[in-house]
Amino acid sequence: MELYGYWRSSASYRARIALNYKQLDYNYIPVHLIKEGGEQHKQAYRQLNPNGLVPTLVNGPVILHQSLAIIEYLEETHPKPSLLPGNAQKRGAIRAIALDIASELQPLINLRVQQYLVRELDADDNAKQAWLAHWFKQSFTALERNLEEVSGQYCVGDDFSLADVCLVPQVYSAERFGIALEDYPLIRTIYQRLLELPWVAAAHPSKQPDAES
């Protein structure tokens, strides 16, 4: 099994956590998103992933992109330990949080959006930071309220789940972009608890072979 990714990509981070949690061996193949204009745009990688995004999972004849699709595939092919534990209601709550983060927030703050703001809309550093702060605030304010209803030790109850897989990389990104987290005590508490889990710690961007010092 091979995972093409980038050390600080939120989506790649999700896939690494899921693979580690399920104790699956994989070869990590770095795709540098900035060097030489971005290796994700090169023809060889586009043949694997026409969207030119990371991550991409290759498992024999299976080639998958989109982190949530990759994780659902891993869940179906390696159901234990589960990232979607509990009854239908609990799994629905897990998926809702995962989608709030991965489908609503992350696409608005990812690298290609930031590059477009600068390149095409002439956004300076202050304007770009205001954009990031706006969308993080909207998402994290709603997420904090949601966690008040469904969280326990982790995002949904006391079982590690897909929701936690998505939370960790997004809080990491918030810290990297200098987003204040004081207004989100549940998010911060759960995040710190998750960082102590061995499968999460091993997936941290700083632990990846392509991490920049």
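Basis for what follows: all heavy atoms, side chains included, without hydrogens, waters or symmetry-related copies.
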Straight-line distance of K207 NZ to N20 CG, nearest 0.5 Å: 10.5 Å

Any D100 side-chain heavy atom under 4.5 Å of L143 side chain: no

Audit row: M1, L74, side-chain contact (heavy atoms from CB on, under 4.5 Å) steps and yes/no: CA-CA 11 Å; M1 198 177 300; L74 296 175; 4.2 Å; yes

Intermediate values then yes/no, side-chain contact (heavy atoms from CB on, under 4.5 Å), L108 and H134: CA-CA 10 Å; L108 290 167; H134 171 78; over 6 Å; no

Value rounded to 0.5 Å, distance of CZ in R8 from OG in S173: 9.5 Å

Test item: D210 and H32 side chains (from C-beta on) under 4.5 Å apart, heavy atoms: no

Distance (rounded to the nearest 0.5 Å) between R46 CZ and Q40 CD: 7.5 Å

Test item: T189 side-chain N/O and P185 main-chain N/O as donor-acceptor pair under 3.5 Å: yes

Whether E2 side chain and Y28 backbone form a donor-acceptor pair below 3.5 Å: no

Shortest non-hydrogen contact between I71 and A18, atoms and distance: CG1-CB, 3.7 Å

Non-hydrogen side-chain atoms of L147 and I97 separated by less than 4.5 Å: yes

Heavy-atom pair of closest approach, residues A133 and I179: CA-CD1, 3.8 Å

H65 and L53, any side-chain heavy atoms less than 4.5 Å apart: no

Selection residues 155-198 - residue pairs positive for ring pair (Phe, Tyr, Trp, His ring centres under 6.0 Å), sequence neighbours left out: Y13-Y172, Y21-F160, F140-Y184, F160-W199, Y172-H204

Flag, side chain of Q114 to backbone of I109, donor-acceptor distance under 3.5 Å: yes

Residue pair C166 / A98: nearest heavy atoms and the distance that separates them: SG-CB, 3.7 Å

Minimum side-chain heavy-atom gap T56-Y45 below 4.5 Å: yes

Y6/V31 under side-chain contact (heavy atoms from CB on, under 4.5 Å): CA gap, chis, key distance, verdict: CA-CA 5 Å; Y6 182 56; V31 179; 5.5 Å; no

Summary of salt bridge (charged side-chain N to carboxylate O under 4.0 Å, His left out) pairs that have at least one residue in residues 120-136, sequence neighbours excluded: none

Pairwise distance CG(L167) to CG(L162) - rounded to 0.5 angstrom: 11.5 Å

Beyond-backbone contact of E36 with H41, side-chain heavy atoms, under 4.5 angstrom: no

Heavy atoms of other groups near R112 CZ, more than 12 under 6.0 Å: no

Contacts of type side-chain contact (heavy atoms from CB on, under 4.5 Å), residue Q106, not counting sequence neighbours: S10, R14, N110, Q170

Shortest non-hydrogen contact from I17 toward A203: CG1-CB, 3.6 Å

Residues, nucleotides or ligands: over 12 heavy atoms within 6.0 Å of Q23 CD: no

Side-chain heavy atoms of V171 within contact of I187, under 4.5 Å: yes

Residue pair L83, I94: steps toward the side-chain contact (heavy atoms from CB on, under 4.5 Å) verdict: CA-CA 9 Å; L83 287 168; I94 291 167; over 6 Å; no

Lys/Arg-Asp/Glu bridge criterion (N-O < 4.0 Å) met for E182, R188: no

Spacing of I70 atom CD1 and R16 atom CZ [to the nearest 0.5 Å]: 12.0 Å

Separation between OH of Y116 and CG of L121, rounded to the nearest 0.5 Å: 5.0 Å

L194 and Q153, any side-chain heavy atoms less than 4.5 Å apart: no

